[in-house]
Each structure stands twice: as structure tokens, then as C-alpha cells.
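Comments concern the structure below.
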Amino acid sequence: MSEERKPLNFIEQIIEEDLSNGVSKDELRFRFPPEPNGYLHIGHTKAIGISFGLGEKYNAPVNLRFDDTNPAKEEQEYVDAIKKDVAWLGYKWDKELFSSDYFQQLYDWAIVLIKEGKAYIDSQSSEAMAEQKGTPTQPGVDGPFRNRSIAENLDLFERMKNGEFEEGSHILRAKIDMQHPNMLMRDPIMYRILKKHHHRTANDWCIYPMYDWTHGESDYIEQISHSLCSLEFKPHRELYDWFLDQVVDTSLIRPKQREFARLNLSYTIMSKRKLLQLVNDGVVSGWDDPRMPTISGLRRRGYTPYAIRKFVETVGVAKRDNVIDVSLLEFCIREDLNKIAPRVMAVLDPVKLVITNYPEGKEEWLEAENNQEDDSAGFRKVPFSRELYIEKDDFKEAAGNKFFRLKLGGEVRLKNAYIIKAESVKKDVDGNIIEIHCTYSEDTSRKVKGTLHWVSIKHAIKVEVREYDRLFMDEAPDNHQDKDFMDFINPNSLKVIPAFAEPSLKEAKIGDRFQFQRLGYFNVDNDTTSERIIFNKTVGLRDSWAKQTRAEHSRSKPTQNSSNQKQQNNKSQQPKRKAIDVIQQLGKKYTNLPEIKQQKIKAEIQELAKNVTYEELEPLFNTAAKKVGTRIAVVLTLGVLLENGQGKNGIINDFITKALEDKNELLVTEAERIQNII
RNA sequence: UGGCCUAUGGUGUAACUGGCAACACGUUGGUUUUUGGUACCAAAGAGUCUAGGUUCGAGCCCUAGUAGGCCAACCA
């Protein structure tokens with residue numbers, strides 16, 4: 001009761017309204033209706049989250065219904081994969097159902113429609129029918145078979161069902177209106193002949209119902225109260241309702257279709273057809289390739305169900321087209337993994353470091369905290385010795401003091417170990433650093449700026465790390481009319497790295513998730529064998545140092561395409577704002593402020609006005625009438641200019657006159673004040 | 001030569017149904033820190049696509065326009 005009211009999305013509002021208009025809470029029922037013709041992807045997660053989320057919120061049942069009316073594309077493999085993914089996300093469906101369960105009922109209802117003269121058999125080619133259908137801007141015309149007798153329709157339909165005709169020779173259509181402005185209402189097809197094996201009904205049927213005829217009736221059979229789908233089905237709603245009208249018993253629940261905007265992710269494609277192409281063309285290793293936006297891909301990549309659900313919850317539900325930035329997804333997975341992933345050390349790009357004052361042959365097992373975010377995570381031991389690997393990037397012979405990693409003569413802390421000082425380097429003939437020589441001190445209480453991760457060479461285990469980059473180099477790869485999405489494939493989306501890890505990782509099992517300290521989150525891939533442990537990089541840590549370095553680079557060569565960088569560039573291009581811009585901004589708020597503040601702002605504007613030229617001000621005379629605040633700011637500025645000797649002209653006089661005629665008293669007052677300045 | 005839907009900071013979603021535009025991500029500073037992570041604090045950034053109208057008062061209602069999306073598969 002006392003809970004803060006969380007804003008409801010528009011679907012929840014519809015349900016609340018229905019509830020207050022007499023629908024009882026136990027009548028609520030939802031469904032998630034995937035077609036088993038591909039794997040689920042992150043976009044589906046939104047639909048899943050909406051319907052199952054509503055189920056959880058209202059304690060209402062949610063059916064998992066496979067929309068399997070097209071035997072040409074559907075397979076049992078997909079049914080199994082979909083069930084696995086929904087369950088993995090943590091949702092529980094009430095019943096597992098199939099549209100194919102309703103084939104007989106649908107057939108019986110179709111006969112009723114024929115008998116009522118509301119459906120007929122058409123026997124033309126699909127080309128001829130397409131022609132008669134018209135276009136979105138032109139009405140259709142009736143076909144020659146539209147007025148077949150009921151007896152003939154019944155006979156033909158029966159024979160279609162019995163397999164007497166070839167595919168494509170006849171179809172059953174609803175008889176609605178060939179001139180209807182909604183093309184879906186121009187005698188839509190209800191049944192086609194398909195002599196294909198169905199994954200559930202085998203060869204029982206030679207005719208299969210179309211989506212529109214099936215979907216609403218299935219919702220009705222299951223007594224779904226709210227049938228939620230994505231926006232592109234909006235035009236189908238009229239037909240959905242028409243079909244329902246033909247069979248509905250008013251004492252039962254009549255399902256309602258409502259539509260929301262589907263989820264789009266930047267740098268990602270979300271079409272099952274195109275994802276299938278990536279799989280078939282071998283661009284990726286399968287539907288569960290960690291670069292795929294599929295649920296199985298994200299799972300293999302190391303994402304958690306919690307993170308994905310949190311993500312879907314955060315993006316919200318509305319009706320406008322949207323493109324979500326991948327950075328939000330990354331934020332959600334980092335947030336979860338930060339709390340739960342044990343920290344370990346691994347070096348991906350090693351350079352040898354020798355501690356010259358550490359005895360040869362000596363080794364120590366030092367205590368390391370597993371996760372400082374989790375008190376119950378405990379500690380482990382990591383081995384330390386004279387020869388270590390650190391990251392190449394963590395050392396520079398010479399660097400400024402913004403670089404607080406290791407440099408010659410500089411000190412740095414080794415995580416969980418000692419403080420070291422770089423004394424010298426050993427290079428090969430090409431001048432590459434092959435060894436860094438350091439001394440260490442056992443006093444670890446001192447403050448040093450940098451902390452590095454490391455592994456002991458002698459104890460390190462070799463592992464394979466797979467690092468992923470985005471699959472596409474374009475923000476919206478399937479949104480180009482002149483280019484195919486395949487043109488934007490990133491050739492370097494997978495990097496295989498031989499790396500060195502601390503020995504505790506020997507015990508790691510498939511699926512285990514870790515934070516490699518200072519690098520990112522990694523999980524153990526399915527391909528791992530007893531000889532070779534393979535890690536996927538789930539996501540990197542936020543890295544403000546890399547960001548800074550990148551910013552410096554892009555200052556010298558400004559061609560970058562990340563949206564974030566674009567923003568940065570924009571900002572650095574406008575370091576100082578012009579006085580006129582500040583005035584404009586101050587003016588916007590003017591009328592909303594209490595009087596004391598208005599006085600303050602007024603003084604500020606008048607001060608700034610001294611730095612404004614007439615040429616800068618003149619365009620603002622055209623400010624829309626309703627933006628009163630801006631107009632007041634312009635009047636104030638103009639006053640200052642006039643006092644400083646700016647002569648009046650026709651444009652100025654018009655502007656003042658218009659201001660004097662305004663309804664807003666503040667504006668009129670200020671205009672009167674400058675009216676008399678000569 | 002039509003119908004339907006949508007329009008709020010860089011992105012996404014809010015705004016108690018008409019009462020001085022909020023939250024999250026991102027960005028920028030700062031504090032803490034044996035992860036340049038986390039946490040915490042702060043700042044910048046929109047007067048709500050445009051033009052009219054109704055109203056004491058409009059992001060919300062009305063009208064017209066503009067822009068974007070969807071609709072012509074025997075797919076779902």
C-alpha cells in the first residue's frame with residue numbers, strides 16, 4: 001500500500017484499466033508464441049520479459065505456445081532450444097502448447113465459415129491473386145471464384161484436406177472486402193495445401209492454416225486475456241478481431257491483441273533469417289557462437305540470466321522505434337558479475353619481469369582475496385617467484401606522471417604481493433624489450449599509485465582466451481537500402497590469444513565465470529578439454545585509462561565511428577560557449593523562476609549582453625511567440641545594445657511592437673522599458 | 001496515391017492523466033581504493049518535431065503540417 005507507485009508502462013495501464021472495469025484478476029492469462037524456426041535472440045527476450053513479467057506481477061499463468069503452422073521451416077531442434085532458453089532465463093510457463101494441437105478445431109471452424117458464406121475456395125495462381133489484391137494505395141478487385149456456391153466450397157475444401165489436389169492449386173480465403181483500405185482484410189488466405197511432414201502431426205494434414213487464422217483462435221482456445229506482440233502486427237489486429245467475431249462465445253474471455261515496439265540493439269541484427277544466414281555461411285560457429293545476439297550465444301559468452309532480465313527491464317516498453325546502445329547491455333552484465341565473479345590473475349600479452357634481489361629458486365604462496373565485494377568469497381593462495389609475467393602495456397621505459405604503471409626508476413605494487421621498482425631493461429636486436437629487471441621491497445604498507453596483476457612464470461598455466469569484438473562494423477547493419485548486412489561483417493571479431501593464468505584456474509569448469517583482474521570478465525567455454533582450458537571474454541572492465549588514451553589519439557586523427565567518441569569530439573569542438581547562447585539558455589527558464597531569481601538572471605543576461613553583437617541577436621527576433629522566456633532575454637539584451645549606441649531600425653521596431661502586444665506582463669514591462677531608449 | 005502507428009537530453013524510459021520535465025545508461029570532474037574496477041559525490045546536457053487553437057495554466061487535449069516506421073509472402 002505504502003509502496004511508492006512505480007510508473008506503469010502502457011500495457012500495464014491497459015491491464016489495470018481492464019481490472020477496474022470488471023475483469024477479474026484470475027482471468028488474466030498470457031502467452032509467449034515463438035515459431036520454432038530458429039533460436040531465440042535478445043530481441044525475443046523483451047517479448048518474453050513482457051508476457052512472463054506480467055505473469056509474475058499478477059500471478060497469472062503464461063503459456064509457452066509454439067506457433068507451428070508452417071511445416072516447411074519448423075523443426076524439433078528449435079522447439080528444444082527455445083524451451084531451454086526460456087527456462088534458463090528463469091521463467092516458468094504454465095502449459096507447453098502447440099498451435100498444431102488446434103488443427104482439428106480450426107478446421108471445424110473453417111467449415112462453419114464456409115457454410116455461413118464467409119469463406120471460399122480460390123483456384124487461381126498466386127500471381128493472379130496478387131494482382132487482384134491491389135496495392136496499399138489502390139483498392140483490389142473481386143476474383144472470379146469469389147461467389148462459388150457453398151456446396152462447391154465445402155466439396156473442394158474437403159478434397160483439399162484429403163490430399164486430392166496439388167500444392168498451389170487451391171486455397172481457402174475469408175470473404176471480407178477486396179476494397180478494404182487495410183490490405184490484410186482483402187480476403188486473406190486461411191488455408192493452403194502443403195504436402196509436407198510436420199514435426200508433430202507428421203503427415204496427418206495436407207492443408208495448413210495461416211498465421212492470422214490460427215493466432216487469434218489459439219489465443220481464444222487458451223482463453224488468453226492479453227495477447228501481446230510487436231508493432232508490425234498492428235495492422236493484423238483488425239483481422240484478428242474479425243476472425244474472433246466469427247467464433248467467439250460472449251460468455252468466455254475474448255483475447256485482446258496489443259502491440260509494443262520491438263527491441264533493437266546497435267551494431268546488431270535481429271532477424272532470424274539473417275542470423276540463420278550467418279550460421280549457414282559459416283561466419284559464426286553456430287547459433288550459440290558467443291558473438292551471436294542469441295540467448296544461447298550470450299549464455300555461452302558468459303552472460304547471466306539476471307543481467308539479461310535486468311537489461312530488458314531497464315529498456316522499458318513503449319510504442320516508438322528504438323535502438324538501444326550496447327553499452328547498456330554491457331553495464332547490466334558488469335553490474336551482476338562484479339558482485340558474483342571471483343577475481344583471479346591472468347596475463348594476456350606477457351613480458352618477462354625478473355626480480356633481481358629475490359632469491360633464485362625461492363617461492364612463496366601469498367594470500368589473495370577472492371572477491372572484495374563478497375565477504376563470503378574467502379581467500380586463496382597464489383605462487384610468487386623471481387620471474388614473473390606482466391602485461392606489456394603495463395610498462396614503459398619513460399612516461400609522464402599521468403601513467404601510473406611501471407616505468408624505469410618508478411615503483412608499483414604487484415597485486416597481492418610486493419612493491420617493486422624497475423631498474424633496467426634487456427632488449428633484443430630489434431630494440432624490443434624482452435626483460436624488465438626490478439628490485440622488490442617487503443614493506444607493502446607504503447602508498448604507491450599503481451597496482452599491477454601478474455603471474456609467476458614457473459607456476460602459470462597456459463590457457464586459450466577468445467576475445468570478441470562486435471560482429472558488425474555499422475551501427476545499423478540491416479538498415480541500408482543499397483548495401484547488404486553481410487558487407488558490414490567485422491573480419492576481426494574473434495581474436496584467439498594464448499595466455500598465462502594463475503594455477504588455481506586448473507580447477508575451473510565449463511561455465512565458471514571469473515574476473516581477470518584489471519582486464520575483464522571471462523568464462524570457461526564449452527570447447528574446453530582436459531588438456532586445454534578455453535576462456536571467453538564476456539566483457540571488459542570499464543577502462544578510463546584506455547578511454548583517455550583513445551581520446552588523445554582521436555584528437556590527432558579524428559576519424560572514429562563510435563557514438564561515444566562522436567560525442568566527445570562534439571564537446572571538445574565547442575570549449576567556450578558564446579554569450580548569446582548562454583543568454584538564450586538563461587532566458588528559457590526565465591518565466592518559471594521565482595522573482596528573486598529572475599532579478600539575478602536578468603542582471604546576468606545584461607552583463608553577458610555586453611559581449612553580444614547585433615548580428616548575433618537579430619535572428620532571435622523570430623523566436624516563436626510562445627517561447628516567452630527567450631523573447632524576454634532578447635528584449636533585455638537588445639536594451640543593453642541600444643544603450644550602447646545601437647541604432648533602431650524597422651526590424652527592431654517590429655520586434656518591440658510585437659512584444660508590447662503580448663499577453664505576458666513580464667515581456668510587456670521589459671519591452672516598455674526599452675521602447676523609450678533612443 | 002490510401003490506411004495505421006510514432007515523435008521528450010547522445011540513447012532508452014518517466015512525468016501521479018492539464019500544474020515550474022524525472023530516472024537509468026553514456027559523458028565530464030572529484031572522493032575512496034592493493035583492480036585506472038567497484039562504491040560515493042557533483043556537473044553538463046532536453047522547454048518536449050513545427051505552426052496555430054482550447055485553457056488562468058499544455059509534453060499531455062484539438063486542428064493542420066513535417067519527419068520516421070509499418071502494410072501488396074500460399075511466412076510468422
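Considering only side-chain N and O atoms, A/Lys234 lies nowhere under 4.0 angstrom from the phosphate OP1 or OP2 of B/G69. The side chain of A/Arg192 contributes an N or O atom lying less than 4.0 Å from OP1 or OP2 of B/C75. Applying the 4.0 Å criterion to OP1 and OP2 of B/U11, one finds that A/Ser327 has every side-chain N and O outside that range. Residue A/Lys310 has no polar side-chain atom (N or O) positioned under 4.0 Å from OP1 or OP2 of B/A24. For A/Arg542 and B/U27, the shortest distance from a side-chain N or O to OP1 or OP2 is below 4.0 Å. Considering only side-chain N and O atoms, A/Thr69 lies under 4.0 angstrom from the phosphate OP1 or OP2 of B/A76. For the pair A/Lys319 and B/C5, the criterion of a side-chain N or O lying under 4.0 Å from OP1 or OP2 is not met.
In this structure, a donor-acceptor pair under 3.5 Å is present between the side chains of A/Arg446 and A/Ser441. Side-chain contact, A/Glu259 with A/Gln257: a donor N or O sits under 3.5 Å from an acceptor N or O.
No engagement by A/Glu367 is indicated, since no non-hydrogen atom pair under 4.0 Å with the nucleic acid exists. Contact annotation for A/Asn70: backbone-only contact, meaning every heavy-atom pair under 4.0 Å involves sugar-phosphate atoms and none involves a base.
Closest-nucleotide positions on RNA chain B for A/Asn338 and A/Thr135 were compared, and the one nearer the 5' end corresponds to A/Asn338. Residue whose closest nucleotide on RNA chain B sits further toward the 5' end, between A/Lys402 and A/Ile193: A/Lys402.
Shown here, B/A46 forms no base pair; nothing in the strands shown gives a Watson-Crick or G-U wobble contact with both key distances under 3.5 Å. Remark: B/G9 base-pairs with no nucleotide in the shown strands. Criterion, Watson-Crick or G-U wobble with two distances under 3.5 Å. Base pairing analysis places B/G2 opposite B/C71; the two distances defining the Watson-Crick or G-U wobble pair are each below 3.5 Å. With both pairing distances under 3.5 Å, B/A14 is matched to nothing as a Watson-Crick or G-U wobble pair.
In B/U63 the O4'-C1'-N dihedral to the base is more than 90° from 0, which defines an anti nucleotide.
The side-chain ring of A/Tyr211 is not stacked on the base of B/A76, judged by centre separation under 5.5 angstrom and plane angle under 30 degrees.
Rounded to whole Å, the distance from CZ on A/Arg343 to P on B/U33 is 18 Å.
The cationic atom of A/Lys396 (NZ for Lys, CZ for Arg) lies less than 6.0 Å from the six-membered ring centre of A/Phe403 and within 45° of the ring axis.
One can find a donor-acceptor pair under 3.5 Å joining the base of B/G36 and the side-chain atoms of A/Arg405.
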